[in-house]
Amino acid sequence: MGFLEWGTNPWAQNVPIHIAWFLIWVAVIAGLLFLIVHATYIRYFARAREFAGDVPPQVSARLPKHVPRHSLAARLFHWIMAASMFTLLFTAFLPKVGIRFPWVTYHWIAGAVLTVSIVFHVIHASFWLDFWPIWPDQTDLEDAGKRVRRFVGMSAPPPRKFAKYPLENKLFHGVIILSGLAVIVTGVFMMFRVRTVFFPRNPYLFGDMTWGLMYVLHGLAGVGLIALIMMHVYFGLRPEKRAITKSMIFGGMDRDFYLQEHDPQRWVVETSSSSSTSKRAEGRGLTDAG
Ligand code: HEM
């Protein structure tokens, strides 16, 4: 059983055509296994979380009741990207599992929407939002060490509360960047193989082997995204993460949730009394949600 499907070109060379489609089921089962193992662990085995450091009452008293988290533009981007991502997954994989329809046009249109939305996101995040909170920092790595040691029963002090994004979210974002870039770059070239409104069709742009490898990379990143999106939706629906999901709809989260999970020194929020932090929050586009 091979992971790729091969064909023979007019010069009798063996070239890869695309991934073997059973990998769709491998991704679905891997995603489901992750959900089952995680849900079982949280339900029956996980201990209550402990964090180091209490927030001084004068700091919490200054916080707004509704802590802004995502600007309107950031939320619109998220939901446009989500809609295009689901359209891409369904149009790509339903025909492969027997549900036939003319999928290619819907697929490249959704691909173009995803590409434009990602270009917007990169520019928006680099110049209007704060670029750094989504990347792992020194404290994340130290705390990850502490969390692993406590998980395996070794003694370690409790980790600090999270900055704006927990390490897991930052790592997920990193993996999505890699798989998203892979489908986008290969997808844009693959548009030369079909008829679109963007450029004339040119199936001779690359040789058979290069095209084959491109389809393989597109397919591998695509099936990877099945499992990744399943995990993402699962976490979004989990009761303890609901405040975060709501913030992606309404823009902010309750002060109580913020204080329970986040460290006000690591994620500085606009308060009535601090004009310097207010400037920083504006820089992150946080002011329209409060
Ligand atoms: C979640 C993201 C995506 C997934 C899961 C996905 C998956 C797939 C799959 C499985 C195929 C069939 C390839 C084959 O037969 O080997 C395909 C074809 C295609 N994809 Fe995507 N894709 C995604 C994103 C994109 C993007 C962003 C673009 C464009 C920018 C794009 C453009 C295309 C085109 C033009 C084809 C048709 C190629 C042909 O029929 O010759 N895809 N995609």
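It should be emphasised that the depicted structure is a prediction, and the values quoted were computed from it without experimental measurement. Quick note: residue numbers are just sequence positions, from 1. Just follow the structure's listing: the first ligand is 1, and inside any ligand the first atom is 1.
Under the rule for a salt bridge (charged side-chain N to carboxylate O under 4.0 Å, His left out), the partners of R49 that lie at least two apart in sequence or sit in another chain are E261. Residues passing the side chain to side chain contact (heavy atoms under 4.5 Å, CB included) test with V122, sequence neighbours excluded: I118, S126. In this structure, the side chain to side chain contact (heavy atoms under 4.5 Å, CB included) partners of D137, at least two apart in sequence or on a different chain, are T139, D140, K170, R266.
Within the 4.5 Å cutoff, no side-chain heavy atoms of R150 are placed close to those of P157. W267 is not listed as a side-chain neighbour of F162, based on a closest heavy-atom distance of 4.5 Å or more.
Both tests do not hold together for K164 against W132: distance to the six-membered ring centre under 6.0 Å, angle to the ring axis within 45°.
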Provide, line by line, the atom pairs where ligand 1 and the protein bring an N/O atom each to a distance under 3.5 Å; else say none.
| from | atom 1 | to | atom 2 | distance (Å) |
| --- | --- | --- | --- | --- |
| ligand 1 | 15 (O) | H18 | ND1 | 3.4 |
| ligand 1 | 16 (O) | H18 | ND1 | 3.2 |
| ligand 1 | 20 (N) | H107 | NE2 | 2.9 |
| ligand 1 | 20 (N) | H218 | NE2 | 3.0 |
| ligand 1 | 22 (N) | H107 | NE2 | 2.9 |
| ligand 1 | 22 (N) | H218 | NE2 | 2.7 |
| ligand 1 | 41 (O) | Y215 | OH | 2.4 |
| ligand 1 | 42 (N) | H107 | NE2 | 3.0 |
| ligand 1 | 42 (N) | H218 | NE2 | 3.0 |
| ligand 1 | 43 (N) | H107 | NE2 | 2.7 |
| ligand 1 | 43 (N) | H218 | NE2 | 2.8 |

